[in-house]
Amino acid sequence: MEILSAKNISFTYPLEEKPALKEVDFHIHKGEFVVLCGASGSGKTTLLHLLKQEIAPHGKLEGSIFYKGTQLEKQNKPPDDIGIVFQDPENQIVMDNVMEELLFGMENKGYQTEDMRKKVAEMTHYFGLTHLLDKKTSELSGGEKQKVNLVSVLLLEPDLLLLDEPTAQLDPIAAKEFIQTLTQLNREFGITILMVEHRLEELFAAADRVLVLEEGVKKIDAPPREAVAMLHIHPILNYFLPSASRLFLHFQPEVAPRSIPTNVKEGRDWLLANNITADSDMEAEQEATPIFTLKEIDFQYNKDTAPVLHNLSLSVNKGELLAILGANGTGKSTLLKVMAGILRPQHGKVLYDGKKQKNLVNMAIRYLPQNPALYFLEDTLMAEYSQIVKKHPVENGEAIIATLLDTFGLKGIEERHPADLSGGELQKAALLGTLLEDPKILLIDEPTKGLDPYSKKVFGTLLGDLRKQGLTIVMVTHDVEFAANYATRCSMLFQGDISVTEGTRAFFKGNTYYTTVMNRMTRKSAAPLAVTLEEAKENWRVQRKS
Amino acid sequence: MSTRGVWSFHPAVMLAYYVVVIIGFMLSQHPVFLAVGVGFLLVFHFLIDKGKQLKTWSTMILTLAVFILVLTPVFNRRGNHILFYLFGNQVMLEAIIQGIMLALTLVGILLVFISLNQIISQDRFLYLFARISPQWALLSMLAVRFVPLLKKRLKEIEEIQKVRGFSVTKGSIKERGKNGMLFLQALLTGSLEQSIQSADSMSARGYGQQKRTHYQAFTMKNKDWYALTFILVTGSCMVFGWWLEDSVLSLLPVLETSQLEQREWVFIANWTLLLAFPLWLEGKEVAKWKFYLQKI
């Protein structure tokens with residue numbers, strides 16, 4: 001049975017000439033799990049918001065949307081049973097206590113106390129939120145916040161659940177858990193789901209259908225495997241696909257869609273069916289000259305709270321890209337702030353080039369925050385850059401800005417307000433700003449947060465190029481794939497101390513669970529062990545077993 | 001969320017109490033009345049959370065009080081009793097007394113608001129005001145929620161910009177001022193965006209579409225009516241005292257003695273009774289638990 005359908009909808013924002021959506025046409029059946037994907041600026045969010053009338057954007061809408069057989073615009077009241085969860089876990093929460101937050105929607109809809117009690121009791125038990133009920137919402141982790149947001153929408157018993165990149169701001173583990181919860185909701189309770197998402201790696205198993213938008217036009221509407229087959233030649237969207245599929249399609253591009261593996265298990269089966277040999281991979285040992293050293297650092301925020309960093313020592317070598325990995329709340333961001341001179345450790349030494357730091361903030365060290373929007377003070381990118389060039393007298397400032405804009409692919413948007421950029425553009429724009437200040441060491445906090453796979457690739461490649469030009473980079477991340485692809489060394493932060501520091505390959509080869517998809521797929525299989533997809537693509541030779 | 005002691009009352013009763021106490025602080029311009037008021041509120045703060053919430057505000061309150069205490073005698077030269085000369089200017093007894101009263105009034109009202117924030121939680125606030133005007137209740141709630149978010153964000157901006165060489169603690173005053181303005185501008189643009197998302201999330205969950213219900217069924221119980229009567233009676237009595245000018249210390253034309261006389265004792269007793277009401281409720285709880293624990 002059809003629950004939602006759109007007939008030729010086009011949408012144009014006020015004062016814009018180009019429509020954000022052009023004659024989009026689709027049907028969603030009851031109980032389906034549909035993934036909507038596309039590069040940034042393709043109109044995904046616009047489409048999703050149009051379906052939820054209370055928050056539909058202003059502008060010119062043509063065509064019609066039908067929900068449960070009636071046209072949305074013709075109903076005098078928006079339907080009660082469409083729920084929506086947004087991207088940012090923080091901004092959706094309005095009450096300061098978890099229980100009140102969960103009740104908020106039901107109170108708005110006029111439920112009686114008895115019903116509310118029953119429903120909250122049942123839901124919190126099912127979703128394991130009971131221990132959070134009395135907590136303040138500001139004290140929750142990102143994953144917990146998003147779960148509270150989901151449950152507070154589910155309490156209104158939606159038949160159709162819309163989700164706008166709900167896992168973009170979460171760490172990979174919390175994201176996986178969230179997607180599993182959604183899968184369960186769809187499979188066991190028959191809730192229809194329409195979800196905008198980049199993390200196809202996890203989603204392909206759950207989704208029934210994939211819709212792809214490109215510049216406001218529907219390009220693909222097919223089951224996952226067929227969508228994979230169609231997308232793998234796409235210059236941008238092929239990075240969205242699961243690693244197993246990409247690996248397979250690299251070696252066997254011409255096959256029927258149904259034989260394409262989409263997850264680790266199917267990938268392993270394919271590996272078993274083939275003879276794979278690898279060229280010996282050479283890991284060039286780089287000579288290591290420490291440029292930046294931390295010795296026995298202790299740091300705590302408060303006299304009464306537990307220390308965040310404890311007896312931590314770390315040395316950063318010249319010209320490397322060091323990734324510091326670790327779970328949520330292990331003090332990764334704190335460590336980076338200590339390195340940047342924002343926080344002063346209670347004990348220990350910070351040495352730059354062998355000398356102790358007198359001034360906490362060193363001009364050779366630059367810091368890129370987790371939220372790059374906070375980097376900007378001026379109204380446009382260009383104004384910001386000109387001001388930097390003026391502040392740190394740079395010769396030929398304008399010319400350097402122009403070349404950097406070109407290499408960063410930001411040409412044409414330099415007169416925009418930073419808030420109007422997409423996540424990937426913003427991250428690059430902030431990076432450009434720091435480079436103008438001519439740093440020797442660049443510290444980056446969680447560079448991949450909220451980026452789609454393609455933007456990640458672009459950003460990672462940029463970092464790699466900068467490293468080759470002699471810049472030393474330290475980044476903090478929980479994105480295992482990103483670290484594996486671009487870092488030269490990796491450190492693990494655990495209980496306030498660095499537990500291991502190794503070359504990237506060695507680091508991931510040694511891990512069993514906290515590692516890349518490729519490593520999990522090739523571990524203990526007949527194929528040679530690989531950590532990243534690129535590595536396999538370059539070194540492997542695949543022969544079909546006869 | 002506690003449901004005992006003062007929290008067991010209907011939000012309307014709580015609100016009535018606070019309104020009456022604030023009126024009391026504004027009308028009873030008499031050092032003894034005000035001092036008694038502040039004293040009781042301090043004890044009340046200690047009873048509800050051992051003064052934790054108060055401590056976070058204490059520096060601000062004390063600085064304000066000291067400012068007023070010092071500045072009032074400097075600017076106010078009206079009176080008949082010259083105490084001494086400061087840099088060739090007379091300092092009047094009347095002005096000092098007025099300074100004390102102003103400071104006590106301000107401290108008292110701030111204390112009331114700090115406890116109000118703790119006692120009237122968000123759901124109670126919505127219960128009271130959403131029915132009158134959902135839009136305004138929503139707006140004020142978002143505004144209240146905004147304050148800690150803004151503080152957090154401003155701190156982040158300061159940290160990041162410190163590394164970039166923009167600071168509000170170093171450099172010339174002009175530069176600091178300019179940087180401060182830039183920070184605020186960045187803060188506001190970012191926060192507006194966030195508040196739009198909050199508003200979206202509220203309307204997506206049906207806020208303002210129909211009459212709200214409340215999980216916590218607040219009904220006027222008998223004890224609520226008794227409490228309300230008590231508050232209204234002591235409250236009117238207090239207003240009557242002001243009308244008779246018994247709870248007001250006259251400074252001009254003739255300075256009245258601060259000592260309490262005759263009828264004034266009645267009104268201070270009434271004021272004490274009003275202030276002691278929540279103390280009695282909370283104190284009862286504390287005593288109950290002490291006693292209960294001893295019995296085990």
Side-chain angles (χ1 to χ4, degrees), chain A residues 49 52 54-55 77-78 80 83-84 86-88 90-97 99-100 103-113 116-117 120 134 138 149 152-153 156 337 340-343 361 363 365-367 369 371 373-379 388 391-392 417-419 433-434 437, chain B residues 1 121-124 126-127 130 134 138 141-142 144-145 148-149 152-154 156-167 170 178-179 181-187 189-217:
Chain A
H49 284 208
K52 179 80 182 158
E54 291 94 326
I55 56 163
K77 198 168 143 267
D80 275 339
I84 184 163
F86 302 90
Q87 183 182 129
D88 195 315
E90 191 113 19
N91 299 336
Q92 295 173 62
I93 291 181
V94 284
M95 306 297 269
D96 48 28
N97 168 295
M99 182 69 181
E100 289 169 19
L103 293 169
F104 181 78
M106 289 194 290
E107 292 183 330
N108 288 338
K109 296 275 185 192
Y111 281 59
Q112 291 309 309
T113 304
M116 287 195 240
R117 261 191 98 75
V120 170
D134 285 328
S138 55
N149 287 326
S152 111
V153 168
L156 299 175
K337 283 184 184 170
I342 293 170
L343 300 173
V361 173
M363 291 320 283
I365 300 170
R366 283 282 160 262
Y367 169 74
N371 179 358
L374 300 179
Y375 177 87
F376 293 93
L377 290 177
E378 304 283 337
D379 285 340
I388 295 171
K391 195 172 158 80
H392 311 260
H417 193 283
T434 57
E437 295 165 354
Chain B
M1 187 59 54
S121 54
Q122 268 187 337
D123 60 326
R124 282 163 220 255
L126 270 188
Y127 174 80
L138 160 77
M141 245 181 59
L142 282 180
V144 170
R145 198 187 96 88
L149 284 182
K152 200 176 122 199
R153 208 178 161 91
L154 187 62
E156 280 177 72
I157 294 182
E158 274 179 56
E159 285 181 352
I160 291 154
Q161 300 300 339
K162 190 171 116 188
V163 187
R164 294 187 59 199
F166 294 95
S167 162
K170 277 189 198 131
K178 199 184 144 221
N179 290 343
M181 289 309 290
L182 282 175
F183 290 4
L184 281 184
Q185 187 189 324
L187 177 73
T189 24
S191 309
L192 276 179
E193 184 117 357
Q194 289 189 327
S195 64
I196 291 172
Q197 290 178 23
S198 302
D200 269 356
S201 136
M202 288 179 84
S203 45
R205 282 182 283 163
Y207 186 83
Q209 283 175 1
Q210 62 197 82
K211 198 169 163 285
R212 281 192 107 222
T213 50
H214 290 270
Y215 177 69
Q216 287 243 355

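Numbers restart at 1 for each chain; the letters A, B, ... are given by sequence-line order, proteins then strands. Since this is a predicted model, take the numbers as computed values, not measurements.
Using a 4.5 Å cut-off between heavy atoms, B:S203 touches chain A through backbone and side chain atoms alike. Of the two parts of A:F104, the backbone and the side chain both hold a non-hydrogen atom closer than 4.5 Å to a non-hydrogen atom of chain B. Of the atoms belonging to B:Q185, it is side-chain heavy atoms, and not backbone ones, that fall under 4.5 Å from chain A. Residue B:I196: no heavy atom, backbone or side chain, is found under 4.5 Å from chain A. For B:E159, the parts lying under 4.5 angstrom from a heavy atom of chain A are both the backbone and the side chain. Contacts of A:P418 with chain B are absent, with no heavy-atom separation under 4.5 Å from either backbone or side chain.
Each of A:Q112, A:M116, A:M106 was compared with B:Y215 under the side chain to side chain contact (heavy atoms under 4.5 Å, CB included) criterion, and only A:M116 meets it.
Interatomic distance, CZ of B:R205 versus CG of A:L103, reported as 10.5 Å (0.5 Å rounding). Between A:L377 atom CG and B:L187 atom CG the span is 11.5 Å, to the nearest 0.5 Å. To the nearest 0.5 angstrom, A:I84 atom CD1 is 8.0 Å from B:D200 atom CG.
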Inset, instruction - Evaluate the criterion side-chain contact (heavy atoms from CB on, under 4.5 Å) for residue pair B:R153 and A:N371; output intermediate values, then yes/no. - result: CA-CA 10 Å; B:R153 208 178 161 91; A:N371 179 358; 4.1 Å; yes
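In this structure, the side chain of B:Q161 engages the main chain of A:L374 through a donor-acceptor pair within 3.5 Å. The backbone N or O of B:G206 lies less than 3.5 Å from no partner atom in the side chain of A:K109, so there is not a single donor-acceptor pair.
When only modelled atom types and interatomic distance are considered, A:D88 and B:Q194 share no side-chain donor-acceptor pair under 3.5 Å.
Residue A:N91 comes nearest to B:S198 through the heavy atom pair O-OG, 2.8 Å, listed as atom of the first residue, atom of the second, then distance.
Cation-pi geometry between B:R164 and A:Y375 is met: under 6.0 angstrom from the ring centre, within 45 degrees of the axis.
We find that B:K152 and A:E90 are joined by a salt bridge, their nearest charged nitrogen and carboxylate oxygen being less than 4.0 Å apart.
Considering only heavy atoms from C-beta on, A:E54 comes within 4.5 Å of B:Q209 through its side chain.
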